[in-house]
Amino acid sequence: MLAGAAQAKDQKGTTPQRPNIVYIMSDDHAYQAISAYRSEVSKLAPTPNIDRIARNGAIFTNSFVGNSLCGPSRATLLTGRQSNAHGFKQNGNKFDNSIWVWPRALSQAGYATALFGKWHLNYSPEGIGFDDWKVLDDQGEYYNPDIITPKGRSIVEGYATDLTTQYSLEWLKSGRDKSKPFAILIHHKAPHRNFMPALRHLQKYQGVTFPVPANYFDDYAGRPAAAAQEMNIYRDMYEGHDLKMTVAEGTAQLRYNRWPGGFDRMTHAQQAEWDRLMQAHNDRMNAAKLTERELAVWKYQRYMQQYLGTIASVDEGVGAVLDYLEESGLDKNTVVVYTSDQGFYLGEHGWFDKRFIYEESMRTPFLIQYPGHIRPGTRVAAPIQNVDYAPTFLELAGVKGPDTLQGRSLRALFAGRTPADWRKDVYYHYYEYPGFHAVRAHYGVRSDRYKLVRFYSKDINNWEFYDLKTDPSEMHNRIDDSKLQRQIAQMKKRLVALRRQYGDNDGPAVDAPLN
Ligand code: SGN
Ligand code: CA
């Protein structure tokens, strides 16, 4: 057996066949936009193919990240460690491709490995341990993106999501070493900003009116960091770049477009088709001369139409991969995971983007199928976090990981057993300030009932406390509520314990004075 392949023997003394792993991760895909999670928005924009995974296997209803930002989350996925431990705390850091990551461990244990799509940790994944890879440059572009491969970099005509699916299928069908089990990472750029759907989906939701979240016009009372952010749909989205609004009726000229790169890359034919498909909708908006509040709601609708439009191609891509696995019979011995690098706000608190510990950002979807090992339709409520992915894949592949892993395999959970000592609460730490969207640095802990948060930037330095049972939308900071002081003290203890457990000394000590 190959080095590192600590494959357990089963009761008959034979080595069970190691499963293949298909890990599909999109970028900024809110659980609210996956119909298996049954949100109001997703009822109007279903994801039938992603839902197949939940139907075939399990859906985790309390899945979280430890730092709701792309780079840190991806580094956690690969290393099984929290941001402070792997060191990639904010976007723009450079990932050290030589540190321990599970894809290399699987490669060394005899797996064929590949990565396609968004990487965003370093220039390329050279040295990570992938037999094959093709990645988008940095954040990646939706249309005609730059693609970096072991041979260099080039502009490829096409739509990023479709290209990522195409590369993945090519590798699965004919690119890999078929004598080995495989692990493939399919990392979609969609639905990341600036939310550009494929032309075939550009009008898909144009006529649809999505339910506006009840707290869309949040006043942020008692929550200074929530008030100070710059991720408000009606105030901070760029009308051209994000919302694709035009300057006047009868023209396709966009309003303020801070980063024109996304459109400049289109071919003339793509641009002409885009303009044609958007014209009537934009003309109606310009003709309506909307008032402030009406415009704010219109912007939410346009945001949803575009964001969900990009997900349509992701869902098709997931369907194509699942179809191939089924047609080839590979599905029987293949674990398929669908997740996102973090959650995202779809208008809750008036927001897009993520970063905050508040629910919609801290949560991330997690769906998994593994025929014969997960009962179809399983729902798991135990809290999981992205530190758990690496230990899970290692256990499935029968490979021993290093002692530095900070998560725990999900295998017992999806097999229907929650270990008695499974975690009861989840740690969180966001660092990137100053940065895009002006979300102040903070850390905190979330239990099934409460959430305790410490913001610690120079200008905003406060505690917040939420009762998720009575206030699931986190509108009322109860930190000064005399009736909750016992629970707050208890959560502070948990926060100290979790900071110790993960070795996180960044930021002020939990008992440090506020100023
Ligand atoms: C870009 C986006 C931001 C986003 C960051 C991080 N602006 O800078 O809105 O918060 O990425 O996103 S954009 O208009 O240039 O897309 S992350 O998913 O990579 O962490
Ligand atoms: Ca992201």
Side-chain angles (χ1 to χ4, degrees), residues 31-32 61-68 212-229 231-232 343 345-351 353-363 381-383 385 423-431 433 437-502 504 506-515:
Y31 73 91
Q32 311 92 293
T61 54
N62 285 298
S63 159
F64 301 95
V65 294
N67 180 1
S68 185
V212 182
N215 59 356
Y216 187 58
F217 291 104
D218 192 349
D219 64 2
Y220 313 118
R223 292 156 290 149
Q229 47 60 43
M231 46 192 262
N232 197 288
Y345 296 103
L346 302 185
E348 302 88 358
H349 305 280
W351 297 337
D353 215 69
K354 54 270 178 173
R355 298 160 191 269
F356 278 114
I357 192 174
Y358 305 127
E359 288 294 274
E360 295 83 359
S361 147
M362 183 185 188
R363 286 179 178 275
Q385 214 173 22
R423 75 168 72 82
K424 304 272 183 289
D425 46 27
V426 189
Y427 183 63
Y428 187 88
H429 195 159
Y430 172 80
Y431 303 79
Y433 182 77
H437 305 296
V439 174
R440 284 7 181 226
H442 58 288
Y443 59 67
V445 54
R446 183 200 189 279
S447 71
D448 63 349
R449 174 83 195 252
Y450 299 111
K451 190 180 286 180
L452 177 71
V453 193
R454 168 75 192 266
F455 288 91
Y456 65 85
S457 291
K458 262 202 191 103
D459 59 341
I460 296 179
N461 194 1
N462 73 315
W463 284 96
E464 296 184 7
F465 189 73
Y466 297 95
D467 181 344
L468 299 171
K469 191 168 172 202
T470 59
D471 179 26
S473 304
E474 299 158 303
M475 300 292 283
H476 305 289
N477 176 8
R478 311 283 296 277
I479 196 72
D480 295 322
D481 189 330
S482 57
K483 291 191 283 305
L484 289 171
Q485 294 309 307
R486 190 179 52 79
Q487 289 87 337
I488 291 170
Q490 181 58 28
M491 288 292 275
K492 277 197 181 163
K493 262 198 208 146
R494 281 302 302 149
L495 192 51
V496 171
L498 285 165
R499 282 173 62 76
R500 268 202 207 116
Q501 178 187 325
Y502 293 123
D504 187 1
D506 287 330
V510 172
D511 56 5
L514 278 180
N515 285 302

Worksheet item: Which pair of non-hydrogen atoms, one from Asn62 and one from Ala381, has the smallest distance, and what is that distance?
Response: ND2-O, 2.8 Å
Worksheet item: Just by distance, with hydrogens left out, do Asp506 and His429 show a side-chain donor and acceptor under 3.5 Å apart?
Response: no
Worksheet item: Are Asp471 and Arg478 within salt-bridge range, i.e. N to O under 4.0 Å?
Response: no
Worksheet item: Between Arg454 and Asn462, do the side chains contain an N or O donor and an N or O acceptor separated by less than 3.5 Å?
Response: no
Practice prompt. Name the orientation class of the two ring planes belonging to His442 and Phe356 (parallel below 30°, tilted from 30 to 60°, perpendicular beyond 60°).
Written response: tilted
Worksheet entry | Counterpart residues, salt bridge (Lys or Arg N to Asp or Glu O under 4.0 Å), relative to Asp459 (two or more places apart) | Arg440
Fill in: Any residue meeting side-chain hydrogen bond (donor to acceptor under 3.5 Å, both in side chains) with Asp448, in chain and number order, not counting sequence neighbours
none
Worksheet item: With sequence neighbours left out, what residues match Glu474 under salt bridge (Lys or Arg N to Asp or Glu O under 4.0 Å)?
Response: Lys451
Discussion item. Tell me every residue that passes salt bridge (Lys or Arg N to Asp or Glu O under 4.0 Å) with Arg446, counting only those two or more places apart in sequence or in another chain.
Written reply: Glu359
Worksheet item: Above 12 or not: heavy atoms from other molecules or residues under 6.0 Å from NZ of Lys424?
Response: yes
Discussion item. Could you go through Asp353 and Gln229, starting from their C-alpha distance and side-chain angles, then the distance that decides it, and tell me whether this counts as side-chain contact (heavy atoms from CB on, under 4.5 Å)?
Written reply: CA-CA 10 Å; Asp353 215 69; Gln229 47 60 43; over 6 Å; no
Discussion item. Any non-hydrogen side-chain atom of Asn477 less than 4.5 Å from a side-chain atom of Tyr466?
Written reply: yes
Discussion item. I need the minimum non-hydrogen distance between Ser361 and Val65, along with the two atoms involved.
Written reply: O-CG2, 4.1 Å
Worksheet item: Mind checking whether Tyr358 and His349 have parallel, tilted or perpendicular rings, split at 30° and 60°?
Response: tilted
Return a table of donor-acceptor pairs under 3.5 angstrom between the side chains of residues 486-496 and protein atoms on other chains or two or more places apart.
| residue | atom | partner | partner atom | Å |
| --- | --- | --- | --- | --- |
| Arg494 | NE | Asp425 | OD2 | 2.6 |
| Arg494 | NH2 | Asp425 | OD1 | 2.9 |

Fill in: Criterion side-chain contact (heavy atoms from CB on, under 4.5 Å) on Tyr450 and Val445, from CA distance to verdict
CA-CA 8 Å; Tyr450 299 111; Val445 54; over 6 Å; no
Discussion item. Just to verify, what does Glu348 make a salt bridge (Lys or Arg N to Asp or Glu O under 4.0 Å) with, not counting sequence neighbours?
Written reply: none
Worksheet entry | For the student: nearest non-hydrogen atoms of Met362 and Ile357, plus distance | CB-O, 3.3 Å
Fill in: Tyr345 versus Lys354, closest heavy-atom pair with distance
CE1-O, 3.6 Å
